[in-house]
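Single-structure report; data block below.
Quick note on labels: first sequence line is chain A, next is B, and so on, each numbered from 1.
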There are 2 protein chains.
Amino acid sequence: MTFKRSCCPITNALDILGDRWTLLVIRDLVLGKRRYQEFISSPENIASNILADRLKQLETSGLVAKRAYQQSPIRYEYVLTKKGKGLEPVLETLVVWGQKHFPGTMVFPRVKRR
Amino acid sequence: MTFKRSCCPITNALDILGDRWTLLVIRDLVLGKRRYQEFISSPENIASNILADRLKQLETSGLVAKRAYQQSPIRYEYVLTKKGKGLEPVLETLVVWGQKHFPGTMVFPRVKRR
DNA sequence: GTGAGTAGCTTGCATACTGCAAGTGACAAT
DNA sequence: ATTGTCACTTGCAGTATGCAAGCTACTCAC
C-alpha cells in the first residue's frame with residue numbers, strides 16, 4: 001500500500017477528517033440527523049456548498065451512505081456506515097477534552113426518530 | 001461565555017485542531033519531539049512556514065509552551081502543556097480507528113531522551 | 001393553473017489559507 | 001574567511017472557504 005503523506009494512521013485519518021467541518025457533520029449523523037436541512041440548521045451555520053462538498057467526500061471515503069427516502073420528487077438522506085460509526089469513540093474523547101478545557105460547552109441531545 | 005461558532009465542545013476543539021497539520025505536530029510532541037528540525041523531519045514533510053504558524057497558534061491556545069534550551073544563539077524548544085497532554089486519548093482513539101480502516105498504517109516509536 | 005413552499009443542491013465571486021522555494025540572522029566550527 | 005546549523009521569515013501562486021443567490025423538481029392551497 002502506498003500512502004498520500006505517510007503510513008501514520010493519524011495522518012491518514014486527518015486526510016479525511018482534518019478540517020473545521022467534516023467532524024461536525026459526523027457529529028450530527030451520530031446525533032441522529034440524516035437530512036440536508038437538518039445539517040444546515042445546526043448552530044454552526046455551515047454553508048450549503050461546503051455541506052454538499054463534505055457529504056460527497058464522506059461518501060467517497062466510505063464513512064457515509066446516501067440513499068433515497070422517497071421518490072417523486074426524489075429526496076436523499078445520509079447515514080453513517082460501520083466505518084463512520086467507528087469514529088464515535090474519537091468524538092467522545094474529543095467531547096471529554098473539549099468540556100474540560102472550554103467551560104460552558106455542552107453536548108447536544110440526540111435527535112429522536114420514529 | 002460567548003463562543004465563536006457554537007457552544008459544542010467538538011466545535012471549539014476543531015477551531016484549534018481542525019486542519020491537516022495541527023494534530024500531527026501534537027503527535028510529534030507526544031512522541032517526544034521538541035525541536036523545529038525534529039518536526040520538519042517528520043515523514044509528512046510539513047512546510048516550515050506552516051510549522052511556524054501552527055506552533056504559534058498552539059502556543060496562544062495554551063496547548064504548547066515554548067522555552068529556550070540555550071542562549072547565544074538563543075534556541076527554542078516546544079513542550080506540551082497539561083491541556084496539550086490531555087489530547088493523548090484523542091490521538092489514541094484516532095490511531096485505533098486509523099489502523100483498523102487504513103491497512104498498512106503503523107505508529108511511530110517514541111523518541112528517546114536523556 | 002398560478003403562486004407559494006420545500007428539499008437538495010449548484011454557481012459566482014471575493015477573501016483567506018496552504019504550501020513550495022528561497023532567504024535571513026546569529027552564531028559555531030574549521 | 002568559509003561552511004554549516006538552527007529557527008525561523010518572506011514571496012507568491014494555487015487552493016479552499018464562505019456568503020449570497022439561483023436552480024430543479026416536485027407538492028399543496030386557492
Side-chain angles (χ1 to χ4, degrees), chain A residues 3-6 8 11 14-26 28-29 32-61 64-80 111 113, chain B residues 3-6 8 11-12 14-26 28-29 32-61 64-79 111 113:
Chain A
F3 299 103
K4 233 173 96 187
R5 289 198 288 173
S6 82
C8 171
T11 306
L14 288 179
D15 284 340
I16 297 179
L17 310 169
D19 72 80
R20 286 170 61 247
W21 293 108
T22 302
L23 273 177
L24 293 184
V25 174
I26 293 175
D28 282 352
L29 286 160
K33 297 191 178 184
R34 296 183 187 179
R35 298 187 186 172
Y36 208 86
Q37 293 306 314
E38 290 182 301
F39 303 121
I40 288 284
S41 64
S42 280
E44 290 86 9
N45 292 316
I46 188 170
S48 58
N49 55 342
I50 296 182
L51 175 59
D53 178 78
R54 293 306 184 276
L55 287 172
K56 214 168 284 173
Q57 281 181 220
L58 285 172
E59 214 191 329
T60 57
S61 357
V64 160
K66 177 185 188 173
R67 65 182 187 209
Y69 67 87
Q70 70 169 42
Q71 302 291 332
S72 172
I74 193 154
R75 295 276 155 81
Y76 299 99
E77 64 180 9
Y78 299 87
V79 283
L80 286 173
V111 174
R113 297 214 163 256
Chain B
F3 299 103
K4 233 174 95 187
R5 288 199 287 174
S6 83
C8 170
T11 306
N12 284 273
L14 288 180
D15 283 340
I16 297 179
L17 309 170
D19 73 79
R20 286 169 62 248
W21 292 108
T22 302
L23 272 177
L24 293 184
V25 174
I26 293 174
D28 281 352
L29 286 160
K33 298 191 178 185
R34 296 183 186 179
R35 298 187 185 170
Y36 210 85
Q37 293 305 316
E38 291 181 302
F39 302 121
I40 287 284
S41 64
S42 280
E44 291 84 10
N45 292 316
I46 188 170
S48 59
N49 55 342
I50 296 183
L51 174 59
D53 178 78
R54 293 306 184 278
L55 287 171
K56 215 169 281 168
Q57 280 181 223
L58 285 171
E59 213 192 330
T60 58
S61 355
V64 160
K66 177 185 188 173
R67 65 180 187 210
Y69 67 87
Q70 71 170 40
Q71 301 293 329
S72 170
I74 192 153
R75 295 278 155 80
Y76 298 99
E77 64 179 10
Y78 298 87
V79 283
V111 175
R113 298 214 164 255

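- B/Arg34 places its CZ atom 17 Å from the C1' atom of D/dC6, with the value rounded to the nearest Å.
- No cation-pi contact links A/Arg54 to A/Phe39, judged by a cut-off of 6.0 Å to the six-membered ring centre and 45° from its axis.
- Of the candidate nucleotides D/dT9, C/dA26, C/dT10, C/dA26 has the atom lying nearest to any side-chain atom of B/Pro73.
- Rounded to a whole Å, the CG atom of B/Asp53 is 15 Å from the C1' atom of C/dC20.
- As a whole-Å value, the separation of A/Ile46 CD1 from D/dG18 C1' is 10 Å.
- For B/Arg20, a side-chain nitrogen or oxygen approaches OP1 or OP2 of C/dG19 to under 4.0 Å.
- B/Lys56 has no side-chain polar atom (N or O) that falls below the 4.0 Å cut-off from OP1 or OP2 of D/dA7.
- One finds no salt bridge joining A/Asp19 and B/Arg20 here, because no Lys/Arg side-chain nitrogen approaches an Asp/Glu carboxylate oxygen to under 4.0 Å.
- For A/Ala47, whose side chain is taken as the heavy atoms from C-beta onward, the closest listed nucleotide among C/dT10, D/dG18, D/dC8 is D/dG18.
- Looking at the side chain of B/Ala52, the nearest of the listed nucleotides D/dC8, C/dG8, D/dT17 is D/dC8.
- Distance CD (A/Gln57) to C1' (D/dT17): 12 Å, rounded to an integer number of Å.
- In this structure, the side chain of A/Tyr36 engages the main chain of A/Ser48 through a donor-acceptor pair within 3.5 Å.
- If you check C/dG8, D/dT10, D/dG18 against the side chain of A/Asn49, the one that comes closest is D/dG18.
- Close to C/dT6, at under 4.0 Å from its OP1 or OP2, lies no side-chain N or O of A/Arg35.
- Between D/dA7 and B/Tyr69, a contact under 4.0 Å exists linking OP1 or OP2 to a side-chain N or O.
- The backbone N or O of B/Pro73 lies less than 3.5 Å from a partner atom in the side chain of B/Gln70, making a donor-acceptor pair.
- The distance between atom OH of B/Tyr76 and atom P of D/dC6, rounded to the nearest whole Å, is 17 Å.
- Under 4.0 angstrom from either OP1 or OP2 of D/dC6 there lies no side-chain N or O belonging to B/Tyr78.
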